[in-house]
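Data first, discussion second: the structure below is written as structure tokens.
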Amino acid sequence: MASAKQLTLSLVKPGDEPVAGNREDSHSVQPSPWMARVLSRDNLNRALKQVRRNKGAPGIDGMTVDELPDYLRRHWPEIRQQLLQQTYRPKPVRRVTIPKANGGSRPLGIPTVLDRFIQQAIAQVIQQDWELRFHPRSYGFRPGRSAHQAVRYGQQCAREGRNWVVDLDLEAFFDRVNHDRLMARLKRHTPDKPLLRLINRYLKAGVQIDHHKELTPEGVPQGGPLSPVLANVVLDELDWELERRNLKFARYADDCQIYVGSRCAGERVMVSLTRFIEDSLRLTVNTRKSAVDRPWNRSFLGFTLSRKGQRLKVADKAITKLKTQIRNLSRRTRGHSLA
DNA sequence: TGTCACGCTAC
RNA sequence: CUUGUAGCGUGACA
């Protein structure tokens, strides 16, 4: 079995940096600056490692992550060529529905392992472009940041006297991302035509249902390696709008809390922000789950802030979840040892 | 440094 | 057997 290192080294020749004065012919296309970064040896190496490490299930073509290295060894040169010539077409995603904790269901969109590999390579580049531009109070899906840090900041706001919170929840956030808004926003710090075109093709790749594909005019697939960073690019617009209004907030994916000093201010913010999100971002605010309330009445990322703003409490929901898990675990191990 | 489990948050 | 992805955390091993 060939090691991952050996494999990618043979996949990508050192010549992927443009050679000066290289004559253009039909067999070699000069990569655009961003495509060169996506297709660089080191970046592809990291991407392949990540996809294999996840050990995820196959997409519509049935190819497993263990089969991917062998497939790439045979087909990567032509795929790479298609990517450079902008003729590559991603496969539609596979639809799998999984239950959510609150009783609902979550539609996953599982790309083929090849597309997960390419998306991962793109995601690593996009993340580089955007990480420093993202708002400091955006905590979800970002390296070096955690839910704990988001909650700690909320606690600090409450301690400083902002004892009211606007708790915003967006409806089916990933599934309703507006493609035009996303692409326009993406162009700001990733101004590369070929790469943007490829990303747009991933957005429009569709979902395979039986034998035909269903269009995806909106949304990013829940299950694509690229989706989290794209989600942050969309909501980056919200972050800087909040900043412009001098509001204190913490956001983790679509879960956003804004800390204000009075109920009145909270109501005002809720109304105007709902309009901004629906008009400008083209997203829907979930009015059932959103609310203006005191921080100690709401749970945020599995925690609730205590009344004095000095302590963090693990939310009741998280406690009961843990308890049932422990019960199940002890019952199961007991059963096994008896049998 | 690197590999492998497990847990939590989010979609 | 079915279930994808990102981030963080704990532990183990070398």
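Each chain gets a letter, A, B and so on, in the order the sequences are listed, and its residues count up from 1.
- Taking 4.0 angstrom as the limit, A:Asn54 places a side-chain polar atom (N or O) nearer than this to OP1 or OP2 of C:A6.
- A close approach under 4.0 Å does not occur between any side-chain nitrogen or oxygen of A:Gln222 and OP1 or OP2 of C:A6.
- Using a 30° and 60° split on the angle between ring planes, A:Phe117 and A:Trp76 fall in the perpendicular class, above 60°.
- Of the P atoms belonging to B:dA5 and C:U2, the separation is 15 Å, rounded to the nearest Å.
- Between A:His148 and A:Phe303, a ring centre-to-centre spacing shorter than 6.0 Å is recorded.
- Nucleotide C:U5 holds its C1' atom 13 Å from the CG atom of A:Asp175, rounded to whole Å.
- Side chain of A:Gln149 to main chain of A:Ser146: a donor-acceptor pair is present (N/O by atom type, distance under 3.5 Å, no hydrogens or angles).
- Proximity of A:Arg116 to the phosphate of C:G4: no side-chain N or O atom is located under 4.0 Å from OP1 or OP2.
- When all heavy atoms are compared, the tightest approach of A:Leu203 to A:Gly219 is CD2-O, 4.3 Å.
- Closest approach to the A:Asp254 side chain among B:dC4, B:dT9, B:dC11 is made by B:dC11 (side chain taken as heavy atoms from C-beta onward).
- In this structure, B:dA5 and C:U10 make a Watson-Crick or G-U wobble pair, each of the two defining distances being under 3.5 angstrom.
- Using a 4.0 Å cut-off, no side-chain N or O of A:Gln149 falls inside it from OP1 or OP2 of C:G9.
- When distances run from any side-chain atom of A:Pro228 to the nucleotides C:U5, B:dT9, B:dC11, the shortest one goes to C:U5.
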